Structure formats: structure tokens, C-alpha cells
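Each residue takes its place number in the sequence, starting with 1. All ligand and atom numbering here is 1-based and tracks the order in the structure. None of these values were measured; they are calculated from a predicted model.
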Amino acid sequence: MNERLLELVDQMTLDEKTSQLIQLATHFYKGAVKDGQVSGPLEEMGISEDIVRNSGSVLGASGAKEVINIQKAHLEENRLQIPLLIMADIIHGYKTIFPVPLAIGCSFDMELAEKSAEIAAREAAVSGVHVTFAPMVDLVRDPRWGRVMESIGEDPFLNSLFAKAFVRGFQGSDLRNDPTRVAACVKHFAAYGAAEGGRDYNTVNMSERQLRESYLPAYKAALDEGCEMVMTSFNIVDGIPASGNQHLLRNLLREEWNFDGVIISDWGAVKELIPHGAADDEREAAHKAIEAGVDIEMMTACYVKNLKELVEAGTIEESIINEAVLRILTLKEKLGLFDNPFRGADSLAEEEIILCDSHRKTAYELAAKSCVLLKNDGVLPLNSNQKIALIGPFAESGDLLGPWSWLGSKDETRKLSDSLKLKIDPSNLFIADGCDIETGTAEQLKEAIYTAENADVIVLALGEHSHMSGEASSRGDIRLPKVQVELISHLKKLQKPIAVVLFNGRPLDLHGVIDEADAVLEAWYPGTEGGLAVADLLYGERNPSGKLTMSFPYSVGQVPVYYNAFNTGRPKDESDPKEHFVSKYLDIPNEPLFPFGFGLSYGTFLYSDVALSSQTLTPDEPLFVSVKVKNTGKLAGEETVQVYIRDMKGEVVRPVKELKDFKKILLQPGETKEVTFEITEEKLRYYHSNMKFSSDAGAFKVFVGTNSRDAAGHHFELIKNPGTAEQQKSHSMKLPSL
Ligand code: BGC
């Protein structure tokens, strides 16, 4: 325990302590007091200037100059010289914007993901930011939820790897001595991504097992990597709002996982205990949240207005407030703020490094690796002799950054049109918008048809406006806006090849797109360098290698549809389509349009010679599975070789497939590589009915392949107690066939 900080807490009055626990946005620090009168946001929130003067942290400040001003003014007034923590949402880049996290996931590239977080941290740190509200690691199975773009997707293992990579990138290894990094805050604890119906902020209802097995691992992984903070979620977890949930925050996070960093509520979430129906008033909301373990209350004033009285009335102990204050001061100390409250903020460095070439280069690389080729009937790659009609609302748009890119500038963004002009003679490129994102006119359509008539190939740049995904942007219909689907069908009549490039923030229902287009490249929101990366992919200067981290549903009626589901007692048997009483839809398939792990390239990768080092494994002796992969295409390409496992029978039933490992390999044309994976007993563990995390002896299947659907399965067996009669019996049992 740091004596200096304990002494500081001792010196603080109760008012100073409770003020330390509020987080306010920057506008509270600017001109909130006019002619000695409290006005604006302070008046609205019903708080005094004293509270702002003693507050502990600021939300959303950025820019060295602004931060230095706020900190200076604060320290001039603050009795004990306790510096402010500056926090902001630096989600996928500061000003150099990387692809949205859902796209970063598709790269399956942890190193690049880490690098992107490191760059985001560097740009944010010189601009005065100390903590980023990232990574967001909520597992999502419902593409209607607008915040899918902030997540990696539907797989707990992959989400955990990315959670760790982002934390490493943001924080580095020594926050105190490295002012170019920022502290990370993993969010939204917990299970925010499981909102019913995909409607943001909605009810979450799941078993403890599902929570532990699928939703919690990524938060835990971030904390294992040393993540300094946790943000609560807006939703209820087992009937209790996360921000007042003792089981979640105290029992699980603090006691079971030993997390001793700062817990912050999400924006207004403490006060939201009232509309949730979990508190009568702000006083009860404050009581429940502080008892649950929330240290900082973001953007509402339940704590500052009530905690002192709650202590004086003997309802809560002052020690609970002291602990929260101490955790906040400890983070300030870790960041070196007591020695240098302006940590890292540097206007000159801002000019030098923000959007510098090397940052842009990483943004380009990540964009090129995160686009996913969903279909290609041979129209791609384009060649530079063709006349191209570039049509669609994203043809000349700089809106390629996506939600949570608040400091990103469209003017700094490479547009697709400008990037294509670098590939071909501009006189061979004809451009029209065809329609806007959600509306269109007859003139726009006419111009598009006229433009396309002159071309050999039509490149259609379509998608969702960035405000159609992100927070509070759930959609019930996840098709492209009607006007864009109609544009495709009008252009289709010209009988020219059509390559669609999609810019969007969620898996879409691609009816009217996938069937009409000859090629579809999912570019997501690819960031500052996105236009160039897409152009290079279209012309085969880069070979697409992204793989989906979320299933694309056949239609919204299947949602949630995800690869790691259970088999049911009546699984559908594709070889017997007449069987009626099976788990199926009458009108749509069970399978998604594109499964998890799916993504094409301009060639093919041939998988052969899958071999297991043994038919059995034991806790002491892993087994190895190897496969040969050959690039049969004409271009060098990267393939992500994926390994899935199925536990054929469990005490608790197991998913039909679970991703356990993968490797990215680069193959030259004609080249073959052998890839080997280790399967250990540890990888076969799961939560049993008593919540014990262990494995079961018995039969398993391992699948090695190019996506979660197209992967051949091979049997093996786990032997836990070699030599025992029971084990020998199970060993000699016939393995079930699928
Ligand atoms: C979001 C958080 C974000 C916070 C602060 C909230 O509305 O849910 O993800 O970090 O605002 O901007």
C-alpha cells in the first residue's frame, strides 16, 4: 500500500472524496460559472463549482492545449493538488483511424491489432489523454445490435486474443515510465452484447454457464494482460443492473478475479438504476452502486449528492469511499500524474506524429487485411485496361471511418474514387453516385445508368451510413437500404459484370446483393487509408485475406445465428430433407449465408494430408495435428488455417465446433506449407454443472480447414487416467460417427 496516497486520502474531507468519484465531460470545465453564478451544465445537474474543482476525472478532453489548460486551471484551485485523470473514447484510432474493431477482427492478426492500439495510444497520449475507454470486448451474436462494429464478433477465444493484444498496445509494459501509452479500460462489464432482440440497452438474460463460457473470457483476458480499468454495462445481468450488481462486481470481479483497479460506470448508468426499477431514487442508486463496487460515476451526480449523507446516516461505512478514492489515486500515481500532471501532452509532438506516414501505413495494412472477399465469379481482380464505372453513395465519400472515430477527419481519408484514379487512366474511370444512402432521385439513377453504359465493369460502392451502426443504432431490418438494392437491379439489366464493395458496420442480410453481383468485397468501415486499401485489393495488388468473425445470416429471421451453437436433440440431417420433426425453419435454411471464418482470396488454398500424431491424448501428452496447404492460385496470398474442436459428449452439452487455434501463413503461387497445431488437455476444458472448469475423458473431433463450415473432422480421444479399468472401457468404445 502506498503510504503517500493513504496519507492523502486521510487529508481529504468527505466532500473532496465524494467529488473525486464523479466524472464530468469537458463542457463542465468551460465557462460553467458566469459572473459568479452557476449556469449551464452545472445548474442542470444541480452541482456546485466546488464539486467540479474537486472532481477526479474528465471525459472526452483531447488536444494538448485543451488538456493542459484544464489541468492547470484545476490545479490552481485544487486544495490538495490532486491532478485530473483525462479519459476519452479512443476506440479504433485517435486521428489516424483504423478499421472498426469488427473489421480488425477479420484480419486475425494480433500483431497488427496491437500495433494499431499502440499508435492510437501514442497519438492520444501526446494530445493529453491518460485513459482510453477501450477495448470493447463484448461478445455479439446479433447483427441487429448497432455496436457489433465495436466488437470482434462471436467467438470467445478470438475475442480474448484481441482483448489482450489491444491492452498490450494501449498500455505497453510500463505506464509510469512510458508517457506515450495510455491506460486501458475494458468494457462493458458484462454481457452488454447480448441485448435481447439486438436492441441497444435491452435486457440480457442468460445462465451463469453461458456467461462464464462465452461472454466473460474476453474481459478476463484483458485483465490478465494488466488492463487498469473496467467499465460497467447498461444492461441487467440476472435481473440486476450491472452498475449495482454486487455478485458481478464484488464477488466475481474483485474477489474471484482479484481485480483491484478502478471500476467506472458507463455514462449515466448509476442513475439508470431508477428507470431499471432497481432503485427508488438517486440516493438508493448511489448506495447500490458504491456497495456493488463502482468507483467512478460517469456523468450523473448520485454519488456527490448522496454519499456524504449516507455515511453520516451510518448507512454505509466511510471506508468504502476511501477504498474507491484510493483506487483512483493509485491509477493517477501509476500514470505518474502526481509528478507530472501534464504527462505526455505535447503540442509539437502532436503535429509531428498525428497522421504521420508510418501511422497511415499501419492503417493501410490493417485495412487491406481486414476486407473480406465474400464472392467472386471471376470479375476480380480488375485490370487496368478496363473502363470502370464507379457508382454508389460511397464512390466519392469520406465517410469510411465508422462510428467512434470522433476525431477522425473525412478530409484526411482516402476516398475510393481518388484511389482508383491512381490505378487507371482517369479517362477510363466514370463516376456517379446513383443514389444517396437511404434515398435517391430518378435523375441520379438515370445518370448512373448512362455512366455504366460506357464501362466494361461496374464497381458499386454501397453500404450503411455510419450513424446506422454504433451506440443506440440497432436495426430491425439489416438489408441494405432499399434504394441501393434497387440500384443494383437496375444496373444488372445492362448485363455488365458488377463488383460490389460494401462499407458498413455489421453483418448484413445480403438479399438482392449477393445474388445479383458477380463479386462482393466486404470492406467494413476501413478507416483513414481505407480507399487505397480497397483499390489495391480490387486491382489484385493485394490479395484479399480477411475472414469473417461473425456469421452473415441468410436473413434476419435466423438471428442469432453463430457457428459455435449446440446440436439439439433433433439436428437437421441434410441428407434427409423430408424429415419433418427436426430443428429447422420451413422457409429458410439453418445455415448462415457466410459462416464464421469465411473469406475468399483470388486463388484457392488446397488442404491435404491432415494427420494426427496420435489417436489419443492425455493431460501430460498433447497431440499434434498437421495439415498441408497449397496455394493453387496465381498470386501470393495469406491463408488463415483454422482448428476447431468438438467434444462429442459432455456432462454439459458442448457446441458443435469451437475455435481452438489458427495460424496465418503466407504462400507464394504453387507453394505448399505444412502447419502443425498442438492440442492439449487444457484446450478441452469447459464449465461443468458445478461450474468447475475441467475436461472429460472420451471422444472428440478435430476439424482443420479454411472456415468453420468447410473443415474436415478427425476423431481422437482424451484419456485422463491411463490404465484404469474405466478408462480402458471408454478407450475401447466405438467412436460415434457424425
Ligand atoms: C458508451 C461507452 C463510452 C461512454 C463514454 C457511453 O455512452 O456506452 O462505450 O465509453 O459513453 O463516452
Polar side chain donor-acceptor pair, Ser107 to Ser370, under 3.5 angstrom
no
Classify the side-chain pair Ser397/Asp399 by whether it contains a donor and acceptor separated by less than 3.5 Å.
no
Does Trp404 have a heavy atom less than 4.0 Å from any atom of ligand 1?
yes
Can we say Asp89 and Lys187 salt-bridge, meaning some charged N sits less than 4.0 Å from an Asp/Glu carboxylate O?
yes
Atom 8 (O) of ligand 1: closest protein heavy atom, distance to 0.1 Å, is Asp266 OD2, 2.6 Å
Which of the numbered atoms in ligand 1 are under 4.0 angstrom from any heavy atom belonging to Phe133?
10 (O)
Proximity flag Met231 to ligand 1, non-hydrogen atoms under 4.0 Å
yes
N/O to N/O below 3.5 Å, does that happen between Asp89 and ligand 1?
yes
In ligand 1, which numbered atoms sit nearer than 4.0 Å to a non-hydrogen atom of Lys187?
2 (C), 3 (C), 9 (O), 10 (O)
Could you tell me whether Arg176 and Glu333 make a salt bridge, using a distance below 4.0 angstrom between a side-chain N and a carboxylate O?
yes
Identify, for atom 7 (O) of ligand 1, the protein heavy atom at the shortest distance, and state residue, atom and that distance.
Glu471 OE1, 2.8 Å
Do Glu123 and Thr96 pair up side chain to side chain, a donor and an acceptor below 3.5 Å, judged on atom types alone?
yes
Arg147 versus ligand 1: do any nitrogen or oxygen atoms come within less than 3.5 Å of each other?
yes
Option among Val294, Ile22, Ile296 that satisfies the side-chain contact (heavy atoms from CB on, under 4.5 Å) test with Tyr303
Val294
At less than 4.0 angstrom from any non-hydrogen atom of Phe234, what atoms of ligand 1 do you find?
7 (O), 8 (O)
Is any NZ, NE, NH1 or NH2 atom of the basic residue among Arg254 and Asp260 found under 4.0 Å from an Asp or Glu carboxylate oxygen of the other?
no
Quick one: which ligand 1 atoms are inside 4.0 Å of a heavy atom on His188?
2 (C), 8 (O), 9 (O)
